[in-house]
Trainee: 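Have a look at the structure that comes next, please.
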Amino acid sequence: MKEIVPAPPSIIQNQFESVKELFARNVVPTYGRFDLAFVRGSGSYLYDVSGRRFLDLGGGIAVCTLGHANAEITQALVEQSQKLVHTSNLYYNEPQGRLAQAIVQKIAPGKVFFCNSGAEANEGLYKLARKFGHDEGRFEILTAVNSFHGRTLAGISATGQEKVKKGFEPMVQGFRHVPYNDLQAMRDAISPATVAILIEGIQGEGGVTPATPEYLLGLRRLCDDKKLLLMMDAVQCGHFRSGRFQSFQRIMEGVPGGESFLPDAISMAKSLGGGFPMGAFWARAPYADLLGPGTHGTTFGGTPLGCAVALKIMEVIQRDRLEENVRSVGDYLKAELGRLAKQYPKVLKTVRGLGLMLGFELAQNIPGFAGKEKPASIQFVNKLHEAGMLAIPAGNAVVRLLPALNLKQSEAEEGIRILEKVVAALAA
Ligand SMILES: *Cc1c(COP(=O)(O)O)cnc(C)c1O
């Protein structure tokens, strides 16, 4: 895509500062933001207030499934909004039923509940687990160290990272964290109060770490033995990002006994609505009927508008064979990142991930970053911004790529060229 960007008119020069000023005065300062403000996008490119173009390999943190300003999403939004936007969950609407069916068909028999975000989808899982164990007095949910499950009070209680809890104690009761990919640790942690295990198929915020097939199969056996629900947070790693609808489907490929692996419940959000705020959870039969009328709900969940958009996204992914694209472009990116890590070991340490959920860990003590306050991941992403590309930090030492699922091979090649330039300059 060779687009000529006209020089910005001089009046725009100060536009970023004036946006920043609006935030400083009026927006609660919960985020450490980068000094960038975007005004429009097209596919995997974003344009900032000065007209500068960026290759977006962050995808709005795994949200922009089909890229920016996708014409088919726009059309679905326009068409549905001209018919019906919202009615409430006091009534039925066909798009919600059809989207639930599409999700069930991609996983296994069960049912779907719709909400508005990842944290809210996980809240549904906590309530499902509590209901499941209630009559036996069981309520405790085991989660993983370095997990991330959202910013609500139960979300930060479930999250296995101290930094999200600090200042908000006491936590919601009934969550404990055990090391990830460590079956024995999970086995040892089970108490008479334990009712469920919740893990990410690929840890995202924790640094892009996929679960091993042995771990997942072991957890399944453990949950069957101890009558626990096995719940998976697929908010980031789900929705085709791994190259299959669910990351566990990809992780289990070719593993003996793996194709029949199934958790009891799965939360989703991010890529589901492609930028339209949506969340959902799927629960396997018979647990899907545990939450009966009056036990759970949300005003905006599963509106005709949101569901029409999500259905369109699933249709396009299928029609354009984007699972194959995720695999081929993802494999290319991973191989090239591996090459860079080999070539520049003083800058890149390791590469992890599946499909278009990739992370690279930065080496310790990169000379160019020494003596600066900000973590290496933030400094590295700033360098990428200077070079015209967006990526997402994960913790202090990992940088993630979570681009649109329709990222083109040529765009991936451009991303590698930019990365190589930044990495080579840091290695020099
Ligand atoms: C982003 C994320 C969440 C929280 O989703 P929100 O939509 O921000 O509430 C939960 N779990 C995982 C794994 C995530 O990546």
Side-chain angles (χ1 to χ4, degrees), residues 28 30-33 58-65 113-129 141-161 163-165 168 172 175 177 180-181 196-211 216 230-242 245-248 251 263 265-282 298 300-302 306 309-310 352-359 391-395 398-403:
V28 176
T30 53
Y31 303 99
R33 296 178 198 267
I61 320 187
V63 166
C64 305
T65 330
F113 174 88
F114 291 102
C115 54
N116 311 283
S117 70
E120 199 187 348
N122 286 331
E123 290 282 337
L125 297 189
Y126 314 142
K127 283 181 72 176
L128 182 78
I141 300 170
L142 302 176
T143 72
V145 171
N146 272 330
S147 59
F148 182 78
H149 299 298
R151 295 289 193 153
T152 57
L153 202 46
I156 61 175
S157 306
T159 293
Q161 301 188 49
K163 67 181 183 199
V164 305
K165 305 175 193 275
F168 299 106
V172 173
F175 293 97
H177 317 303
Y180 188 63
N181 271 335
I197 290 170
L198 171 66
I199 57 146
E200 293 159 85
I202 307 170
Q203 284 193 337
E205 304 300 309
V208 191
T209 310
L216 293 179
L230 179 55
M231 313 196 295
M232 293 183 76
D233 179 341
V235 168
Q236 189 165 151
C237 63
H239 221 70
F240 306 99
R241 186 148 293 278
S242 65
F245 183 60
Q246 289 298 320
S247 65
F248 64 79
I251 289 167
I266 303 170
S267 59
M268 25 196 129
K270 292 197 166 91
S271 297
L272 176 61
F276 193 98
M278 281 196 91
F281 72 78
W282 166 93
T298 175
F300 293 123
V309 169
R352 296 190 288 266
L354 290 169
L356 287 176
M357 180 166 179
L358 298 171
I392 314 282
V398 177
V399 176
R400 279 174 288 173
L401 306 182
L402 300 158

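In listed order, ligands and their atoms are each counted from 1.
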Trainee: Please tell me whether T159 and H149 have a donor and an acceptor in their side chains that are separated by less than 3.5 angstrom.
Mentor: no
Trainee: Is any side-chain heavy atom of L216 less than 4.5 Å from a side-chain heavy atom of I251?
Mentor: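 Yes, at least one pair of side-chain atoms sits under 4.5 Å.
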Trainee: Can you list everything that forms a side chain to side chain donor-acceptor pair (under 3.5 Å) with Q236? Sequence neighbours excluded, please.
Mentor: E205, R400
Trainee: Tell me the residues surrounding ligand 1, counting only those with a heavy atom closer than 4.0 angstrom, sorted by chain and number.
Mentor: S117, G118, A119, N122, F148, H149, G150, E200, D233, V235, Q236, K270
Trainee: Is there side-chain contact between V145 and Y180, with heavy atoms separated by less than 4.5 Å?
Mentor: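 SC-SC contact between V145 and Y180 ruled out.
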Trainee: Measuring only between side-chain heavy atoms, which start at C-beta, is D233 closer than 4.5 Å to L198?
Mentor: yes
Trainee: Report yes if the side chains of F281 and M268 come closer than 4.5 Å at any heavy-atom pair, otherwise no.
Mentor: no
